[in-house]
Number of protein chains: 2
Amino acid sequence: MVYTEKRIEHALRQGGYKITPQRRTIINAIIHSHEHLTPAEIHERVRREHPGIGLVTIYRTLEILAELGLICEMHAGGNCRSYLIRRPSEHHHHLICSDCATVIDFTDCDLGELERRLSKETSFEISGHLLEFVGLCRKCREKTMAG
Amino acid sequence: MVYTEKRIEHALRQGGYKITPQRRTIINAIIHSHEHLTPAEIHERVRREHPGIGLVTIYRTLEILAELGLICEMHAGGNCRSYLIRRPSEHHHHLICSDCATVIDFTDCDLGELERRLSKETSFEISGHLLEFVGLCRKCREKTMAG
DNA sequence: TACTAAATGAAAAAGGTTTTCAGTTAGCAC
DNA sequence: GTGCTAACTGAAAACCTTTTTCATTTAGTA
C-alpha cells in the first residue's frame, strides 16, 4: 500500500489535525517527489505554489506526519541531516545513489536470523533496525564513465 | 584490532598532525567511553581534566580523527544527531540500547547476498551500507520490569 | 635555543530548528 | 449560512550546533 493524498488527509483528521491548504501543498510535494527532501527543499518547492508559506509550517507539518508514521527519516551515508521521504506502509529500507540521491525502497531485508543470533548472544531485546545501502545508480555510473 | 592511544597518536603523526595535550585528552575520553558521545558530551568530559579547552578544539579534533578513519559516526534510531565512538578497525555495525545507549559492535552482518541481489535488480553499483539494530539491553529490561 | 607550521581559544558568523505570540482559519454546532 | 473555538499560520526571536576568523601559543624539528 502506498500513501495517497486522501489517505494521508484521513489519517490527519483521525489524529484530530486540520487539513489546511498549506498542509495539502506540503503533502503533495512529498508524495510527488521520488527523492528524499530536507525541510528547506520542501519549503522551496512548496513556495512555488504557495509563496507566503513559512519554513516553520513545514517543520510543524513534518513533525505531525512523522508522529503519525506517514513519512520517515533518512540517514544518507556520511551526511547526518534528517531527510524525509514518502513511504510505503510496510517495513522497508533504502538504497540510495550517492551521486543523484535517487532512492529505491526494498522490503525483503532478511535480517531475522541475524537478529535472533544477536539477540541470543547479547541478551538484547531487539525492537528494530536501520539498514541502508549506498552506491551509484546506473545513470550516474554511465555519466561518470562518459565524463 | 582495537585502537589504543598509542596507535591513534601514531596515526596522527603519520598524517602530519601534532600531538597536543588537548588532543590526548579528547582521544582518551573517546577511547574510555563505551557509549557514543556527542561533541558536546566529549567537551564536558574533557573539561574535567582540561578546564580551559574550547568546544572548537573538540570539533577540529573529531574532524581529523574521522578523516583518518579512527572514529566513526553513529545514527541512533530516531534522533539524527551525529554521534561518535571508537571503533575496531574492521567493517562493523552497532547494536544500540535505546534506554542507556550502550553500544555493542558486531562484524558479521552477512549482507553479501542481499547486496548482490539488490545490485542485480537495480543496476546499482553498491559501495557500502549502514546497519544498526536498536533494542533494550538486559539491564534496562530488568530495570523496566522491576519498576 | 630558535624557528615555523600547526594548533588553540575567543568571538563572531552561519546554519538549522524551535519557541513565542498575535492574528487567522478549518471544522463543527446550531 | 453564522458563530464559535481549538487548531493553525507567519514573523520574529530565541536556541543550538557547527564553522569561520584571527591573534596568540605551542609541538616538533633543526
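Quick note on labels: first sequence line is chain A, next is B, and so on, each numbered from 1.
Atom pair B/H43:NE2 and C/dG9:P shows a separation of 8 Å (rounding to whole Å applied). Separating the NZ atom of A/K18 from the P atom of C/dT24 is a distance of 15 Å, rounded to the nearest angstrom. Here the P atom of nucleotide C/dA7 and the NE2 atom of B/H50 are 15 Å apart, to the nearest Å. If you measure from atom CD of B/Q14 to atom C1' of D/dG28, you get 15 Å, rounded to the nearest angstrom. Residue A/L12 contributes atom CG, which lies 14 Å from atom P of D/dA7 at whole-angstrom precision. In this structure, B/I58 places its CD1 atom 18 Å from P of D/dT20, rounding to the nearest Å. The CG-P distance, from B/L55 to C/dA11, rounds to 14 Å in whole Å. Atom CG of B/L62 is separated from atom C1' of C/dT8 by 15 Å (rounded to the nearest Å).
At the heavy-atom level, B/I19 lies under 4.0 Å from the strands shown only through sugar-phosphate atoms.
Between B/R24 and B/E9, at least one side-chain nitrogen of the basic residue sits less than 4.0 Å from a carboxylate oxygen of the acidic one, meeting the salt-bridge criterion. With salt bridges taken as basic N to acidic carboxylate O contacts below 4.0 Å, none links A/R138 and B/E125. Salt-bridge annotation for B/E121 and B/R117: present, with a side-chain N of the basic residue lying under 4.0 Å from a carboxylate O of the acidic one.
Residue A/Y17 has its side chain nearest to D/dC8 when only C/dG27, C/dT8, D/dC8 are considered. Nearest nucleotide to the B/Q22 side chain, out of D/dA7, D/dA11, C/dT8: C/dT8. In this structure, of D/dA12, C/dA11, D/dG28, it is D/dA12 that holds the atom nearest to the side chain of A/V56.
Each of B/T20 and A/G54 was assigned the nucleotide of DNA chain D with the nearest heavy atom; the assignment lying further toward the 5' end belongs to A/G54.
B/R23 has no side-chain polar atom (N or O) that falls below the 4.0 Å cut-off from OP1 or OP2 of C/dA6. B/R60 has no side-chain polar atom (N or O) that falls below the 4.0 Å cut-off from OP1 or OP2 of D/dT19.
Although no hydrogens or angles enter the test, the distance criterion places a donor-acceptor pair under 3.5 Å between the side chain of B/H32 and the main chain of B/N28.
Between atom CG of residue B/L131 and atom CG of residue B/L111 there is a gap of 5.5 Å, rounded to the nearest 0.5 Å.
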